Protein chains: 4
Amino acid sequence: MAIKKTSKEEILLEAIKLFKTKGYYNTSMADIGKACGLIKGSIYHHFKNKEEIGLEALKYIDEFFEKNIFIIKDENITTKEKLEKIVTKTDEYFLKSEGGCLLGNLASEVSRQNSEFKTIITLYFKKWQDSIYQILNEKLDKDKANFFSYEYICALQGAIIMMNLTDNTSSYLEIGKKLKEKV
Amino acid sequence: MAIKKTSKEEILLEAIKLFKTKGYYNTSMADIGKACGLIKGSIYHHFKNKEEIGLEALKYIDEFFEKNIFIIKDENITTKEKLEKIVTKTDEYFLKSEGGCLLGNLASEVSRQNSEFKTIITLYFKKWQDSIYQILNEKLDKDKANFFSYEYICALQGAIIMMNLTDNTSSYLEIGKKLKEKV
Amino acid sequence: MAIKKTSKEEILLEAIKLFKTKGYYNTSMADIGKACGLIKGSIYHHFKNKEEIGLEALKYIDEFFEKNIFIIKDENITTKEKLEKIVTKTDEYFLKSEGGCLLGNLASEVSRQNSEFKTIITLYFKKWQDSIYQILNEKLDKDKANFFSYEYICALQGAIIMMNLTDNTSSYLEIGKKLKEKV
Amino acid sequence: MAIKKTSKEEILLEAIKLFKTKGYYNTSMADIGKACGLIKGSIYHHFKNKEEIGLEALKYIDEFFEKNIFIIKDENITTKEKLEKIVTKTDEYFLKSEGGCLLGNLASEVSRQNSEFKTIITLYFKKWQDSIYQILNEKLDKDKANFFSYEYICALQGAIIMMNLTDNTSSYLEIGKKLKEKV
DNA sequence: GATGAATGAGCGTTCATTCAT
DNA sequence: TATGAATGAACGCTCATTCAT
């Protein structure tokens with residue numbers, strides 16, 4: 001053998017799945033390899049080391065949100081429509097995302113161990129909250145917009161944790177519904 | 001000769017600190033030992049294995065909440081006072097708890113790997129939410145009490161994550177403040 | 001199992017043998033372990049890492065020379081006797097030392113890769129030459145003593161290399177004989 | 001497409017440099033590749049395997065000495081001139097050769113691991129000594145010629161080791177000077 | 001109860017080598 | 001000829017665990 005042409009993205013997607021469901025440290029290079037049909041050593045053809053996979057995994061999800069979720073605040077639609085859309089897209093994502101929110105999950109596990117990881121995660125949540133803030137601020141004053149956006153991000157992260165424990169999706173969905181009622 | 005008499009509780013407290021700040025899998029028996037002034041092998045005189053430490057760590061915190069936080073719902077004081085007290089005690093705990101909420105942190109890392117861990121964590125959150133629910137239900141209808149309690153637990157977990165990333169405690173405190181306004 | 005009580009010195013002696021005959025980099029922790037009847041992981045109970053074994057191996061030989069060879073210059077015997085004794089002891093050592101001179105062998109392999117190794121090796125040769133120098137200087141002028149001692153150390157190192165290639169011990173012994181004729 | 005046309009000799013020259021300064025086992029195919037602007041796999045178009053590179057590296061230096069140094073003994077000049085020339089050429093070579101003498105360096109590292117390597121190295125020193133021997137034998141008796149040539153080769157190898165440790169070139173040069181005084 | 005020495009398995013990583021392109 | 005992707009074995013090292021002392 002020795003033919004396969006595994007792409008970086010394939011590896012990244014498998015790694016993301018594993019990091020979310022098993023945690024970063026509990027996921028071995030062998031695990032990632034196996035999920036891609038490779039032996040662990042072969043991964044080093046695509047990534048310098050495990051840390052790089054972790055970093056690129058975080059960036060991959062961050063970019064996905066940037067391009068699909070956070071961007072909604074700038075679309076040329078009404079405030080209500082923006083809120084409707086951002087909540088729908090977000091819920092769509094997390095309902096089918098096995099294992100919850102990568103950046104939320106890794107936040108507690110790795111951010112004290114690796115400052116580069118921490119920076120990406122912190123910024124991700126900041127950008128996320130800011131997206132909601134800007135939409136709310138179209139109709140609500142600064143303080144309200146600020147608190148509601150913070151509350152939403154927090155509650156959603158908590159709700160994802162709960163959903164992973166109980167498989168109760170309808171409770172999870174209440175968080176988004178509540179946000180939409182703010183304007 | 002002489003020496004230490006290290007108690008199970010001492011070890012547990014060090015393990016809890018480590019699990020919260022480094023994660024469960026990234027904390028080694030040697031780490032726990034060093035934190036207690038023991039070598040790793042000595043820990044096995046107190047605990048069967050690492051899993052047992054994890055389990056007892058979760059139970060330890062669970063019991064702490066049971067005895068100090070959840071119990072407030074049954075005290076002989078007004079609803080407002082209960083809410084005031086439960087929020088204050090909770091915030092007090094998390095503001096000085098380095099590394100956030102043990103059960104919240106471990107939820108994503110271990111609950112898919114170990115069903116016993118998952119059961120404890122799930123129950124903990126259920127009991128917690130139920131405590132809040134019962135207090136709110138003294139003044140609010142079932143649905144409202146249910147949602148507000150759920151929202152609070154979720155938002156608080158999210159807020160702990162954010163506080164660990166940004167060290168912003170005043171935002172964290174808003175979550176409890178908001179709950180108290182419910183009645 | 002799990003009983004053995006291997007001492008640091010045992011491990012060191014096996015490592016020295018291996019480093020001399022196989023080279024430092026080509027000797028694996030597994031090699032060292034096998035030579036001691038241990039698995040490779042067990043060696044870390046005695047040494048922090050491979051570098052520490054290398055370092056202590058060099059120091060071990062250095063100390064042996066310090067205590068048995070270099071010290072002869074200070075003994076209360078005649079110059080001729082000193083020279084006789086230092087040559088005899090040196091030749092005794094190298095004739096039975098399988099694989100040549102540890103510090104000479106590692107000089108070219110590791111001294112560019114690790115400055116701590118280099119320092120020890122450099123000092124060893126300096127001390128060695130100085131021992132010979134001081135003995136010769138009792139009867140010869142500075143310049144002669146200096147050159148003859150340098151020439152002896154160099155020739156001896158070269159002769160050890162040749163002896164390892166050809167097993168010709170009598171040529172090797174000529175180098176010491178020649179030195180003794182200097183006074 | 002297009003590209004390089006890397007020659008065997010180019011690769012060999014880089015490999016020699018690396019073997020001398022890092023050792024044979026500590027030099028990886030990737031190291032050699034990088035030094036040539038190739039990836040490691042590409043080297044296999046030029047050499048069967050690492051051992052072949054090692055072997056040809058030794059032969060390359062051996063041939064250089066054969067053609068430039070050892071041959072001097074057969075030139076049509078006086079004994080004194082031969083000695084002068086062979087020492088000058090040798091010193092020229094080693095003063096600019098970063099990392100010392102390839103065959104001397106590898107002698108201890110590889111000659112016990114690979115008999116083909118050992119044969120080449122042993123023969124190289126034999127031929128070298130013989131060159132000096134024949135020149136000296138024009139003026140000196142067999143025994144003297146034999147010992148002085150042996151002593152010179154040995155001392156020179158030792159002096160190269162010392163020069164690599166201390167960067168002291170003037171001591172090194174004394175060895176050749178001394179040889180020239182023999183006739 | 002604590003230690004130090006040991007183990008076997010596994011870690012992340014690098015090795016020399018192969019081969020379709 | 002060169003490359004990039006792959007492999008299996010080995011690397012140095014750490015893991016959780018055991019046990020005689």
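As the structure is a computational prediction, the values presented were derived from the model and not from experiment. Naming convention: chains lettered A, B, ... in sequence-line order (proteins, then strands); numbering from 1 in each chain.
Nucleotides of DNA chain F nearest to C:N26 and B:A30 differ in position, and the one nearer the 5' end is that of C:N26. Mapping D:Y25 and A:Y44 onto DNA chain E by nearest heavy atom places A:Y44 closer to the 5' end of the strand. Residues B:E51 and C:N49 both approach DNA chain F. Their nearest nucleotides, taken by heavy-atom distance, put C:N49 toward the 5′ side.
For the pair D:S42 and F:dT1, the criterion of a side-chain N or O lying under 4.0 Å from OP1 or OP2 is not met. Taking 4.0 angstrom as the limit, C:T6 places a side-chain polar atom (N or O) nearer than this to OP1 or OP2 of E:dA6. In this structure, A:H46 reaches the F:dA6 phosphate: one of its side-chain N or O atoms is under 4.0 Å from OP1 or OP2. OP1 or OP2 of E:dA5 lies within a sub-4.0 Å distance of a side-chain N or O belonging to C:H45.
With respect to D:K8 and D:E56, a salt bridge is recorded, a charged nitrogen being found less than 4.0 Å from a carboxylate O. Salt bridge status for D:E63 with D:K59: absent, with no side-chain N to carboxylate O gap under 4.0 Å.
In this structure, CE of B:M29 is placed 15 Å from C1' of E:dT3, rounded to the nearest angstrom. In this structure, B:E10 places its CD atom 13 Å from P of E:dG1, rounding to the nearest Å. The separation between A:K34 atom NZ and E:dG10 atom P is 10 Å, rounded to whole Å. Regarding D:D31, its CG atom lies at a distance of 8 Å from the P atom of E:dA16, rounded to whole Å. Residue B:K48 contributes atom NZ, which lies 15 Å from atom P of F:dA16 at whole-angstrom precision. For the pair C:K22 NZ and F:dC11 C1', the interatomic distance rounds to 13 Å; values are reported in whole Å. Separating the NZ atom of A:K8 from the P atom of F:dA6 is a distance of 13 Å, rounded to the nearest angstrom. The interatomic distance linking A:I39 (CD1) with E:dG10 (P) rounds to 16 Å, in whole Å.
Distances were taken from every side-chain heavy atom of D:K40 (C-beta onward) to each of E:dT17, F:dT14, E:dG10; the shortest belongs to E:dT17. Closest to the D:K50 side chain, of the nucleotides F:dT7, F:dT3, E:dA16, is E:dA16. Between F:dT3, E:dA6, F:dA16, one nucleotide has an atom nearer to the side chain of C:L38 than all others, and that is E:dA6.
Residue A:T27 is in sugar-phosphate contact alone, with no base atom involved, counting any heavy-atom pair closer than 4.0 Å across all strands shown. Across all strands shown, D:S28 has heavy atoms under 4.0 Å from sugar-phosphate atoms exclusively, and none from any base.
Residues D:L38 and D:I11 meet the side-chain proximity criterion, which asks for heavy atoms closer than 4.5 Å. You'll find the side chain of A:V110 reaches within 4.5 Å of the side chain of A:I121, heavy atoms only. Counting heavy atoms from C-beta outward, B:K22 and B:D31 have side chains that approach closer than 4.5 Å.
With sequence neighbours left out, the side chain to side chain contact (heavy atoms under 4.5 Å, CB included) criterion links C:Y60 to C:E9, C:L12, C:L13, C:I16.
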Problem - Strand DNA chain E as a dot-bracket string - pairs counted if Watson-Crick or G-U with both distances under 3.5 Å, | where the partner lies in another strand - result: .||||||||||||||||||||
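Evaluation of the ring-ring contact (aromatic ring centres under 6.0 Å, His included) test over residues 11-44 of chain A, restricted to residues two or more places apart or in two chains, returns A:F19-A:Y24, A:Y24-A:F117.
Within a 6.0 Å sphere centred on CD of D:E116, heavy atoms belonging to other residues, nucleotides or ligands number 12 at most.
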